[in-house]
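For reference, the structure discussed in these notes is given below.
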Amino acid sequence: MCSSFEPHDDFVAPDHPVERSLLGGEPRYRKSEVARLAGVELSRAERLWQAMGFAHVSDEAVVFTDFDIAALRTVVRLVSAEVIPPELETAVARSLAQTMSRLAEWQMGLFKSVLGDSFTGDLETTAQVAEAILPVMEHLQDYVWRRHLSAIAARELNEDENRAEEPTLVVGFADIVGYTRLIRDYSEIELAGLIDTFEELVTGVIAENHGRVVKTVGDEVLFVADTAEDAGEIALALNERVAEEPRLPPLRIGLASGQVLARFGDVYGSTVNIASRLTTLARPASVLVDRECASELRGLSRFELIALGPNKVSGFRGLEAWALRRAG
């Protein structure tokens, strides 16, 4: 089983009961047989396999199960039904794999912490526990996925049908101050506890104030909100909540408003870059916003804006910034 999205040098067939339990049976097929039974060209099957982050498989390696054939057939049906455009086939596979790989990493860590020494010391018991837990985890994942899908559908359906192809959003970055020093000074357990606390706090604050987490990368979270008012409240509340948490260092936060390219759960464009640059300029426990965001916030009685003037930032000549505070 691949433990990370980055492919290894070679793919090894399951050789103990835990992997066989997770993969749904004994390996029976070579890659050419999987492609033939799924009704696709071998080159296409290999391209999808590698897009999902798995290592190269030799021609004679028997590493695939009926589960792999069924999955490949599903992709073919979705493309044939034009649910997935053919030109986006590998991009969809890659995006799905990145999300699932991170989820699998977290679940395996949880699995190991529950089983302790038995995880590697008693493989038969580990396999039995895996078979018992897997259906429960699948059910929970399906529930969360459907809830998120429903929320996104409701948001999209409520938006103006004439909106621009690239939506206007407020993009925010929140960055832990001094993270490099923490990596050096903290033990792995202490650092893991800090990251867990950070992610739990920011996820809660962003959700409470109508924002959406795009992704977290170690010491940084990228989020979006539909309005500058919501984004401003998120940013200020994050700093306030972090100040109440003695285990967390302060944050630097940057907000920018404008059009973004939303693709496979991520966001791109100059608005994202501006928010990132503002984060690097911000002092600890402060929030900086760009011109567009400041314009939307100006006049709202609960916020105060302090003009900081233009800044020299790589890629943006004379980037103007305003410090955002609570009024009074």
Side-chain angles (χ1 to χ4, degrees), residues 102 106 169-209 211-225 228-257 266-267 270-291 293-294 297 302-316 319-328:
R102 185 175 181 186
W106 169 77
L169 296 172
V170 182
V171 178
F173 278 93
D175 180 51
I176 296 176
V177 174
Y179 185 71
T180 302
R181 177 183 55 79
L182 295 176
I183 293 176
R184 184 179 64 248
D185 296 342
Y186 278 33
S187 68
E188 289 186 5
I189 293 177
E190 290 172 329
L191 189 61
L194 181 143
I195 294 300
D196 286 344
T197 302
F198 169 66
E199 291 190 353
E200 180 179 2
L201 186 150
V202 298
T203 300
V205 170
I206 292 169
E208 288 167 9
N209 293 284
R212 302 179 293 283
V213 174
V214 176
K215 60 184 175 183
T216 56
V217 183
D219 62 325
E220 188 174 63
V221 61
L222 168 61
F223 63 92
V224 296
E229 184 175 7
D230 286 340
E233 184 60 36
I234 288 169
L236 295 174
L238 280 174
N239 277 335
E240 291 162 357
R241 294 278 291 274
V242 165
E244 298 170 356
E245 176 51 70
R247 290 177 293 177
L248 287 177
L251 305 179
R252 294 187 181 94
I253 302 176
L255 302 176
S257 178
D266 209 339
V267 289
S270 61
T271 303
V272 180
N273 294 336
I274 290 171
S276 178
R277 298 295 191 276
L278 289 173
T279 304
T280 64
L281 292 173
R283 294 178 180 273
S286 72
V287 180
L288 295 187
V289 305
D290 74 336
R291 177 195 296 272
C293 200
L297 292 171
R302 57 196 176 111
F303 297 123
E304 178 184 354
L305 292 164
I306 301 173
L308 302 180
N311 296 269
K312 293 182 179 180
V313 179
S314 175
F316 295 92
L319 177 62
E320 293 186 275
W322 283 258
L324 177 67
R325 302 176 183 175
R326 291 205 185 277

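Keep in mind that the numbers below use all heavy atoms, side chains included, and drop hydrogens, waters and symmetry copies.
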Exercise for the section: Please tell me if the side chains of Leu319 and Arg277 come closer than 4.5 Å, counting only heavy atoms from C-beta onward. Expected result: yes
Problem - For Thr271, the option from Val171, Leu169, Asp290 that meets side chain to side chain contact (heavy atoms under 4.5 Å, CB included) - result: Val171
Practice task
Calculate, to the nearest 0.5 Å, the distance between atoms CG and CD1 belonging to Asp230 and Ile206 respectively.
Solution key: 12.0 Å
Problem - Which atom of Val170 lies closest to which atom of Cys293, heavy atoms considered - result: CG1-SG, 4.1 Å
Practice task
Without swapping roles, check the side chain of Ser286 against the backbone of Arg283 for a donor-acceptor pair under 3.5 Å.
Solution key: yes
Exercise for the section: Enter the distance from Thr279:OG1 to Leu281:CG here, rounded to the nearest 0.5 Å. Expected result: 8.5 Å
Exercise for the section: State, with a plain yes or no, whether a side-chain heavy atom of Asp175 is found less than 4.5 Å away from one of Val221. Expected result: no
Handout entry: Donor-acceptor contact present, side-chain Glu190 to main-chain Ser187, <3.5 Å
Key = yes
Exercise for the section: Can you see which heavy atom on Phe173 is nearest to which on Val272, and at what distance? Expected result: CE1-O, 3.4 Å
Ignoring hydrogens and angles, write down the donor-acceptor pairs under 3.5 Å from the side chains of residues 245-257, residues two or more places apart or on other chains.
from: Glu245; atom 1: OE2; to: Arg247; atom 2: N; distance (Å): 3.2
from: Glu245; atom 1: OE2; to: Arg247; atom 2: NE; distance (Å): 3.1
from: Arg252; atom 1: NE; to: Ala282; atom 2: O; distance (Å): 2.9
from: Ser257; atom 1: OG; to: Glu296; atom 2: OE2; distance (Å): 2.6

Handout entry: Lys/Arg-Asp/Glu bridge criterion (N-O < 4.0 Å) met for Arg302, Glu229
Key = yes
Exercise for the section: Evaluate the criterion side chain to side chain contact (heavy atoms under 4.5 Å, CB included) for residue pair Leu238 and Leu201; output intermediate values, then yes/no. Expected result: CA-CA 8 Å; Leu238 280 174; Leu201 186 150; 3.9 Å; yes
Exercise for the section: Drop me the distance from Thr203's OG1 to Phe223's CZ, to the nearest 0.5 angstrom. Expected result: 11.5 Å
Practice task
Inspect the surroundings of CD in Glu240 and state if more than 12 heavy atoms from other residues, nucleotides or ligands are less than 6.0 Å away.
Solution key: yes
Problem - Sub-4.5 Å side-chain heavy-atom contact between Glu233 and Glu208 - result: no
Problem - Within-4.5 Å side-chain heavy-atom neighbours: Phe303 and Leu236 - result: yes
Problem - CD1-CG distance between Ile195 and Asp219, expressed to the nearest 0.5 angstrom - result: 6.5 Å
Practice task
Would you check, one step at a time, whether the test side chain to side chain contact (heavy atoms under 4.5 Å, CB included) holds for Val213 with Val202?
Solution key: CA-CA 9 Å; Val213 174; Val202 298; 5.7 Å; no
Problem - Rounded distance [0.5 Å steps], CZ in Arg325 versus CG in Asn239 - result: 12.0 Å
Fill in the blank from the handout: Taken to the nearest 0.5 Å, the spacing of Trp322 CH2 from Leu278 CG works out to 10.0 Å
Exercise for the section: Check whether any side-chain heavy atom of Val242 sits under 4.5 Å from a side-chain heavy atom of Ile176, and report yes or no. Expected result: no
Practice task
Kindly indicate whether the side chain of Leu297, heavy atoms from C-beta on, has any atom under 4.5 Å from the side chain of Leu324.
Solution key: yes
